[in-house]
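In this chain, numbering begins with 1 at the start of the sequence shown. This is a predicted model, so every value here is computed, not measured.
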Amino acid sequence: MAKGDFTRSFAAWMQGRNGADDLARVTSTLAVILVIVALFSGWLWATWVALALIVYSDWRMLSKNVAARARESERFMEALGPLRPWVATPKAAFTEARAYKHFKCPNCHQKVRVPRGKGKVRITCSKCGTSFEGKA
């Protein structure tokens, strides 16, 4: 078999399937964590839950009903709320958290970000124009 044949045939087989979306990645990661916990704790139930999560995530990735899987994944990401960036793009969220401090406007609750390390700063909300102070 020539180099790359497997990759091409696998890509052709996956054509029209859902693939790895955010929900599948989260369930797979949780399954790996549960397997590690089960190894060190001896909890048999954690192994069974991890196996169920792996089967569920594989089923999601191989599903041909892409529209339904996309709706499920979007509902899951909406339910995460403020944790959404940490699940969708963890590296970018970590970089953002290290570079900026986030404040909420006391008037309209708009999120405002300020570069870290600036000390005590006066912040003006871009949405409502309210000024407030914070320590960046």
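When the side chains of ILVMFWY residues are joined at heavy-atom separations under 4.5 Å, either directly or via intervening members, Leu30 and Trp45 end up in a single hydrophobic cluster. Both Leu23 and Met77 are assigned to one and the same hydrophobic cluster, defined by single-linkage of ILVMFWY side chains at heavy-atom distances under 4.5 Å. Trp43 and Trp48 fall into different hydrophobic clusters, where Ile, Leu, Val, Met, Phe, Trp and Tyr side chains are chained together by heavy-atom contacts under 4.5 Å.
When the shell of 6.0 Å around CD of Gln15 is examined, it contains 12 or fewer heavy atoms from other residues, nucleotides or ligands. For Trp59, the CH2 atom counts as densely surrounded, since its 6.0 Å shell holds more than 12 non-hydrogen atoms of other residues, nucleotides or ligands. The 12-atom threshold is not exceeded at CZ of Arg98, counting heavy atoms of other residues, nucleotides or ligands nearer than 6.0 Å.
Using the six-membered ring where Trp is involved, Phe10 and Trp13 have ring planes that are tilted, between 30° and 60° apart.
Residues Val66 and Gly16 come closest through the heavy atom pair CG2-O, 3.7 Å. Looking at every heavy atom in both residues, Ala20 comes nearest to Ala24 through CA-CB, 4.4 Å. The two residues Ala38 and Thr47 come nearest to each other via the heavy atoms CB-OG1, 3.3 Å. Here the closest non-hydrogen pair linking Phe132 and Pro106 is CD2-CD, 3.5 Å. Closest non-hydrogen pair, Val121 versus Ala136, comes out as CG2-CB, 4.5 Å.
Inter-residue side-chain proximity for Val26 and Phe76 is flagged as met; some heavy-atom pair is nearer than 4.5 Å. Residues Ser28 and Met61 form a side-chain contact, since some pair of their non-hydrogen atoms from C-beta on lies under 4.5 Å apart. Between Leu62 and Met14 the shortest side-chain heavy-atom distance falls below 4.5 Å. Proximity of Glu133 to Lys120: side-chain heavy atoms (C-beta onward) are separated by under 4.5 Å at one or more points. Between Arg84 and Glu78, the closest side-chain pair of non-hydrogen atoms falls below 4.5 Å.
Residue Ser73 holds its OG atom at 4.0 Å from CG of Asp21, rounded to the nearest 0.5 Å. Here the CG atom belonging to Leu34 is positioned 6.5 Å from the CG atom belonging to Leu53, to the nearest 0.5 angstrom. To the nearest 0.5 Å, atom OG1 of residue Thr130 and atom CD of residue Gln110 are 11.0 Å apart. Distance check, rounded to the nearest 0.5 Å: SG of Cys125 to NZ of Lys104 gives 12.5 Å. Distance OG/Ser131 to CG/Asn107: 11.0 Å, rounded to 0.5 Å.
With sequence neighbours excluded, the residues satisfying side chain to side chain contact (heavy atoms under 4.5 Å, CB included) with Glu72 are Tyr56, Arg60, Arg69, Arg75. Remark: Tyr100 engages no residue in a ring-ring contact (aromatic ring centres under 6.0 Å, His included) (not counting sequence neighbours). With sequence neighbours excluded, the residues that form a side chain to side chain contact (heavy atoms under 4.5 Å, CB included) with Trp86 are Ala93, Phe94, Ala97.
A salt bridge is defined here as a Lys NZ or Arg NE, NH1 or NH2 lying under 4.0 Å from an Asp or Glu carboxylate O, and Glu96 with Lys111 fails to meet this definition.
With Thr89 contributing its side chain and Lys91 its backbone, the two residues share no donor-acceptor pair below 3.5 Å.
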